[in-house]
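Below is one structure, written out as C-alpha cells, with a few remarks after it.
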Amino acid sequence: MKPAFSICVYCGSRPGLSPEFTDVATQVGTWIGKHGGQLVYGGGKGGLMGIVAEAALKAGAHVVGVMPKALVEKEWANNDCSELHIVETMHDRKRMMAERADAFLALPGGIGTFEELFEVWTWRQLGYHDKPIGILNVGGYYDELLRFLNQSVEQQFMGDWQMKLIEADDNPTCLLEGLVQGAGLTAAPRLELI
Ligand code: AMP
C-alpha cells in the first residue's frame with residue numbers, strides 16, 4: 001500500500017546530550033509509522049538517525065534509507081531499512097532524499113543536519129520545490145540559530161518571506177501535522193491501530 005505521506009528527516013548521527021532529543025526522535029518515528037507514513041532519511045544506524053528509523057519501523061512505517069557508498073564502506077548503513085539505496089555520491093544521496101519526500105523535518109543535529117536543512121531551504125527560496133520545511137526546536141536547541149537568522153532579516157541580508165518558508169515548533173505532533181497538511185496530504189491514524 002502506498003504511504004499516505006513521506007517525510008524526510010534530517011538529524012544527528014549522534015544522540016546528543018539531553019534525553020529530550022532521543023525521546024523526541026522516538027516520537028517522530030512513531031508518529032510517522034502510526035499515521036501510515038514513510039520515513040526518508042540518511043540510512044544510518046547511529047545517533048538520532050538510528051532512533052527515528054527504529055521507532056518508525058516498529059510503528060509500521062516504510063523506511064527509505066539513502067546512503068553514499070563511502071559511508072557504507074564505513075559500515076554505517078542500517079540494514080533494517082525497508083529500502084536501502086546505496087548511491088555514488090553525497091549529491092546523489094541528497095537529490096534522492098529530496099525527490100522521495102513530500103516535506104522535510106530537521107531535528108537536533110550537527111553540521112550534516114544544518115547543511116541538509118539549509119540546502120532544501122535554499123532550493124525552496126529559489127523555487128526548485130515547494131515542499132514544506134520544519135525545524136523541531138526541542139529543548140530550545142535551535143533558539144540561537146533562529147535568533148541569528150532573524151538578525152539577518154534585520155540586517156537586510158534576508159527577507160521576512162524567507163523566514164516564512166520554514167516552520168519552527170517544539171511540539172513534534174503539531175509540526176508533523178502542519179507539514180503533512182502543508183504538502184496537501186492527510187495523516188490519519190492507521191485503521192488497524194484504532
Ligand atoms: P550530523 O548532524 O553532522 O550528525 O549529520 C547528520 C546528517 O548528515 C544526517 O541527516 C545524514 O543525512 C548525514 N550523516 C552524517 N553522518 C552520517 C552517518 N554516520 N551515517 C549516515 N548519515 C550521516
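In each ligand, atom 1 is the first atom listed, and ligand 1 is the first ligand listed. This structure is a prediction, so every number in the text was calculated from the model and none was measured.
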Original post:
Under the 3.5 angstrom rule, does the side chain of D92 hit a backbone N or O of T89 as a donor-acceptor pair?
Top reply: yes
Original post:
Is it true that a side-chain atom of Y128 and a backbone atom of V120 form a donor plus acceptor pair closer than 3.5 Å?
Top reply: no
Original post:
Between F114 and Y142, what is the ring plane arrangement, given parallel below 30°, perpendicular above 60°, and tilted in between?
Top reply: perpendicular
Subject >> ligand 1 atoms in contact with G110 (distance to a heavy atom under 4.0 Å) >> reply: 1 (P), 2 (O), 3 (O)
Subject >> Main-chain N/O of G159 paired to Q162 side chain as donor or acceptor, under 3.5 Å >> reply: yes
Subject >> K131 (side chain) donor-acceptor with A98 (main chain) under 3.5 angstrom >> reply: yes
Original post:
Side chains of L117 and F104: closer than 4.5 Å at any heavy-atom pair?
Top reply: no
Original post:
Between the main-chain N or O of G43 and the side-chain N or O of N78, is there a donor-acceptor pair closer than 3.5 Å?
Top reply: no
**OP:** Give the single entry among G50, G112, G44 that approaches atom 5 (O) of ligand 1 most closely by any heavy atom.
**Re:** G112
**OP:** Would you mind reporting whether I7 and W31 have side-chain heavy atoms less than 4.5 Å apart?
**Re:** no
Subject >> Under 4.0 Å to a heavy atom of G12 - the qualifying atoms of ligand 1, by number >> reply: 2 (O), 4 (O)
Original post:
Considering E75, E116, M49, R14, which one's heavy-atom position lies nearest to atom 8 (O) of ligand 1?
Top reply: E116
Original post:
What are the atoms of ligand 1, with element, lying closer than 4.0 Å to any heavy atom of G109?
Top reply: 2 (O)
Subject >> Atom indices of ligand 1 within 4.0 angstrom of Y10 heavy atoms, with elements >> reply: 10 (O)
**OP:** Out of G46, C11, A77, S13, indicate the one that has the non-hydrogen atom closest to atom 15 (C) of ligand 1.
**Re:** S13
Subject >> Any K45 heavy atom less than 4.0 Å from ligand 1 >> reply: no
Original post:
Tell me, which protein residue and heavy-atom name are nearest atom 19 (N) of ligand 1, and how many Å apart are they?
Top reply: W76 CE3, 2.9 Å
Original post:
For atom 14 (N) of ligand 1, which candidate among M67, K94, E115, R93 provides the closest heavy atom?
Top reply: R93
Original post:
So is K74 close enough to ligand 1, meaning a heavy atom under 4.0 angstrom away?
Top reply: no
